[in-house]
> 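The following block contains the structure, expressed as structure tokens.
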Amino acid sequence: MLKQTVASILLATIAGLAIPASAHDYKLGQLEIIHPWARASIGQAKAGVAYVTISNEGREPDRLIATATDVAKRAALHTNKMENGVMLMLPVEAIELAPGEPVVLEPGGLHIMLMGLKSPLVEGESFPLTLTFEKAGSIEVEVNIQEATDMTPGTHDHSGS
């Protein structure tokens, strides 16, 4: 009886490590991944950008170290930096996730660059994106595609109803 109880608790714990926290939020261990989103493509653009908020609710720091998706040849962590009046997009090796300090990937700041889009990102659709963390591991999330002009994550209804 004790073995069955321990096994049940262990299975429930493992199953709870990577589950949706709400309709469009996810949880991976102590990390909360909040509303992954991207802007729709304009024309036949071969690059896109994805955004997300990540909150580390644990006691130990973690780092977002990689991203991957099937909608582009490559996905990479980037930031924007103003230099001599010119906005530059620069790759970053990792994004630090300190406990209790949410990190917002947003227009004009940290973001996930999608290079070599295989087809345009269409408003109202979504695509899978895998986020890999140094300690927590990997999770696949669905990225909602919003209007091309959106500057913030929306609460658009993508259910089709």
Side-chain angles (χ1 to χ4, degrees), residues 2-3 5-40 47-83 87-115 117 121 125-147 149-159:
L2 180 60
K3 285 183 182 180
T5 304
V6 171
S8 296
I9 292 170
L10 183 59
L11 283 173
T13 301
I14 291 169
L17 289 178
I19 59 172
S22 73
H24 198 230
D25 296 344
Y26 302 83
K27 190 155 178 63
L28 177 64
Q30 296 299 310
L31 301 178
E32 291 184 25
I33 296 95
I34 304 160
H35 190 68
W37 67 285
R39 288 189 190 133
V49 184
Y51 309 102
V52 65
T53 297
I54 304 168
S55 180
N56 182 349
E57 301 301 317
R59 294 183 179 172
E60 298 295 321
D62 205 341
R63 298 179 343 138
L64 176 60
I65 58 173
T67 59
T69 182
D70 289 339
V71 301
K73 291 180 183 173
R74 193 170 143 219
L77 303 172
H78 273 221
T79 191
N80 290 341
K81 178 182 176 184
M82 185 67 77
E83 194 170 287
M87 183 65 76
L88 303 174
M89 271 194 251
L90 304 169
V92 295
E93 182 179 316
I95 296 174
E96 303 295 326
L97 303 168
E101 296 177 25
V103 175
V104 180
L105 282 65
E106 62 187 345
L110 292 167
H111 57 277
I112 299 166
M113 198 72 206
L114 308 172
M115 296 165 280
L117 287 176
L121 301 178
E125 293 183 0
S126 64
F127 62 89
L129 176 71
T130 300
L131 304 173
T132 301
F133 300 92
E134 187 173 67
K135 295 177 183 170
S138 296
I139 186 171
E140 184 176 284
V141 300
E142 281 296 310
V143 177
N144 286 344
I145 303 171
Q146 300 177 186
E147 292 179 35
T149 57
D150 277 352
M151 291 299 286
T152 60
T155 55
H156 305 288
D157 179 11
H158 294 280
S159 65

> For the atom pair CG (N144) and CD (E125), what is the distance rounded to the nearest 0.5 Å?
11.0 Å

> Do Y26 and E142 have side-chain heavy atoms sitting under 4.5 Å apart?
yes

> Which heavy atom of L117 sits nearest a heavy atom of G48, and at what distance?
CD1-N, 3.8 Å

> Has D62 got a side-chain atom pairing as donor or acceptor with L31's backbone, closer than 3.5 angstrom?
no

> Measure the spacing between CG of N56 and CD of E96 and express it to the nearest 0.5 Å.
11.0 Å

> Quick check against the 3.5 Å criterion: does Y51 have a side-chain atom that pairs as donor or acceptor with the backbone of V104?
no

> Which heavy atom in K27 sits nearest to a heavy atom in I139, and how many Å separate them?
O-CD1, 3.9 Å

> Would you mind reporting whether H35 and T53 have side-chain heavy atoms less than 4.5 Å apart?
no

> If you define the side chain from C-beta out and look only at heavy atoms, does anything of L77 sit under 4.5 Å from L110?
no

> Which value, rounded to the nearest 0.5 Å, describes the distance between R39 atom CZ and I145 atom CD1?
13.5 Å

> Taking atom CE of M89 as the centre, report whether more than 12 heavy atoms of other residues, nucleotides or ligands fall under 6.0 Å from it.
no

> Counting C-beta onward and ignoring hydrogens, is there a side-chain heavy-atom pair between R63 and E93 closer than 4.5 Å?
yes

> Of the non-hydrogen atoms in V49 and M113, which two are nearest, and what is the gap between them?
CG2-SD, 4.0 Å

> Any idea which heavy atoms bring P102 and G100 closest together, and the distance?
CD-O, 3.6 Å

> Is it the case that atom CG in N80 sees more than 12 heavy atoms from other parts of the structure closer than 6.0 Å?
yes

> Nearest heavy-atom pair of A75 and T69: which atoms, and what distance?
CB-CG2, 4.3 Å

> To the nearest 0.5 Å, how far apart are NE2 in H24 and CD1 in I34?
11.5 Å

> When rounded to the nearest 0.5 angstrom, what is the spacing between CG in L90 and NE2 in H78?
8.0 Å

